[in-house]
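A short worksheet on the structure shown next.
In listed order, ligands and their atoms are each counted from 1.
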Amino acid sequence: MTERDLKPETLAAHALGRIDEATGAIIPPIYPSTTYERDADLGYSRGRSYSRADNPTYDVATDTLTALEGGTKTLLFASGMAAATAVFQALVPGDHVIAPTVMYWSLRNWLLGFATRWGLQVELVDTADLTAVRASLRQGKTKLVWLETPANPLWSISDIAAIAELAHRAGARLAVDSTIATPVWTRPLSLGADIVMHSATKYLNGHSDVVAGTLTTAVEDDFWTRIKAVQSQSGGVIGPFEAWLLQRGLRTLFPRVQWQSASALTLAERLSTHPAVAEVLYPGLPGFPGHELAKRQMNGGFSGMLSIRIKGGRENAIAVAAGVTLWKRATSLGGVESLIEHRASIEGPTSPVPDDLLRLSVGLEAADDLFVDLDQALRRIGSGA
Ligand SMILES: Cc1ncc(COP(=O)(O)O)c(C=O)c1O
């Protein structure tokens with residue numbers, strides 16, 4: 001069977017089935033070397049010169065991700081933020097860019113701060129609303145549309161295929177932060193996006209022990225060359241050990257994300273009828289505004305992330321987070337352990353996130369144990385204890 005015949009689950013589990021040529025090892029080695037021998041004629045016939053540009057340890061993770069996303073090339077970065085900001089830094093001052101009103105807060109802050117001071121014209125738009133996206137595109141002037149779907153932490157869904165068409169017609173590229181969906185549920189490049197980004201700190205690695213980011217491109221064009229130059233010149237590269245851990249994490253991506261998403265759906269359904277919960281935000285619930293689109297765009301699952309709004313507001317939300325024992329109070333998401341977080345506290349006063357909201361990242365525990373733990377914390381606020 002060739003790689004092309006294999007299902008994504010198999011490609012991921014085998015990390016493309018590579019065997020180390022030198023030793024026959026089925027797990028790849030780590031290359032800590034920062035530098036590579038030059039040929040006598042000063043060339044680099046083996047393709048590598050210095051590890052700020054490239055390292056052979058990256059190959060398994062980059063090639064596996066390229067195959068899973070259906071792209072042509074992948075770059076690994078020191079963090080999700082390093083990956084995302086490299087895309088914007090490959091533009092030029094004066095370019096108009098569109099990004100979602102609700103998105104990963106640190107990138108929104110960077111866009112409204114550094115990127116705006118640098119000269120990008122940043123416009124935040126509700127990208128779940130196609131009419132709003134259409135109205136904000138400026139023909140020939142908008143160079144990039146950035147989407148995040150599902151968008152952290154309200155999980156609104158944006159229509160990748162429709163926005164790709166609108167963006168391309170206006171002469172803009174489309175980049176998608178697919179951290180939450182992962183290639184298990186969505187392949188943005190197959191829907192017309194030009195670049196897909198991940199905070200690999202989350203599901204791709206999946207064990208809360210690596211900070212990393214990735215970009216995968218549909219084509220190796222000038223824009224991709226500029227992104228590569230931003231990376232190698234500014235130095236936002238990943239270390240070889242982290243790249244090695246990432247390829248190990250990728251091997252279990254499918255069973256992890258499938259389990260986490262099934263548990264998230266169970267919890268979303270059970271919490272929807274809980275007397276202490278005002279609202280559950282989860283694209284898998286039929287009443288959720290983006291549900292029908294998520295069903296079409298996501299390949300049968302809705303991610304391991306959900307948010308709940310607690311009756312009685314901020315104080316009760318904080319009390320619920322304080323009252324759990326199995327869920328860990330911590331930021332981040334996508335790891336094997338379930339995390340709970342009061343987002344408004346971390347995002348600060350400019351956050352669009354309601355202050356009665358708790359974000360839940362569902363791990364690999366039994367869904368029933370997770371529910372029982374949340375339920376006892378929710379009941380305590382109900383009883384005023
Ligand atoms: C959706 C999303 N995108 C990007 C990032 C940034 O990734 P990193 O923390 O790896 O820089 C995060 C981090 O929480 C995220 O949740």
| request: Evaluate the criterion salt bridge (charged side-chain N to carboxylate O under 4.0 Å, His left out) for residue pair D222 and R226; output intermediate values, then yes/no. | output: CA-CA 6 Å; D222 288 355; R226 292 210 295 279; 5.5 Å; no
| query | Please state which protein non-hydrogen atom is closest to atom 6 (C) of ligand 1 and give its distance, to 0.1 Å? | reply | Y104 CE2, 3.3 Å
| request: Report, in ascending order of atom number, the atoms of ligand 1 lying under 4.0 Å from any heavy atom of M81. | output: 6 (C), 7 (O), 8 (P), 11 (O)
| request: List every atom of ligand 1 that sits less than 4.0 Å from any heavy atom of N152, numbering the atoms from 1 in the order shown and giving each element. | output: 16 (O)
| task | Using heavy-atom distances, let me know which of K202, M103, H198 sits nearest atom 13 (C) of ligand 1. | result | K202
| query | Which residue holds the protein heavy atom closest to atom 7 (O) of ligand 1, what is that atom called, and what is the gap in Å? | reply | S199 OG, 3.0 Å
| request: Look only at interatomic distance and state if M197 has a nitrogen or oxygen under 3.5 Å from any nitrogen or oxygen of ligand 1. | output: no
| field | Location of contacts on S332 toward ligand 1, heavy atoms closer than 4.0 Å | value | neither
| query | Should D59 and R18 count as an ion pair when the cut-off is N to O under 4.0 Å? | reply | no
| query | For the side chain of H291 and the backbone of G287, is there at least one donor-acceptor N/O pair under 3.5 Å apart? | reply | no
| Does S232 offer a backbone N or O that forms a donor-acceptor pair with the side chain of R52 under 3.5 Å? | yes
| field | Which residue and heavy atom of the protein sit nearest atom 3 (N) of ligand 1, plus the separation | value | D177 OD2, 2.6 Å
| query | Counting from 1, what ligand 1 atoms have a heavy atom of S79 closer than 4.0 Å? | reply | 10 (O), 11 (O)
| message | With heavy-atom distances below 4.5 Å as the criterion, would you say the side chains of S303 and T182 are in contact? | response | no
| Short question: side chain of Y58, backbone of I238 - any donor-acceptor pair under 3.5 Å? | yes
| Plane angle bin for F88 and W146 - parallel if under 30°, tilted between 30 and 60°, otherwise perpendicular | tilted
| Are E165 and R169 within salt-bridge range, i.e. N to O under 4.0 Å? | yes
| field | Distance from atom 10 (O) of ligand 1 to nearest protein heavy atom, with residue and atom | value | T201 OG1, 2.6 Å
| field | ligand 1 contacted by A212 (non-hydrogen, < 4.0 Å) | value | yes
| Would you say the side-chain atoms of E123 and S136 include a donor-acceptor pair closer than 3.5 Å? | no
| said: For the 3.5 Å polar cut-off, considering only N or O atoms, please tell me whether G80 and ligand 1 meet it. | reply: yes
| Any N/O pair E148/ligand 1 closer than 3.5 Å | no
| query | Is the closest heavy atom of L107 to ligand 1 under 4.0 Å? | reply | no
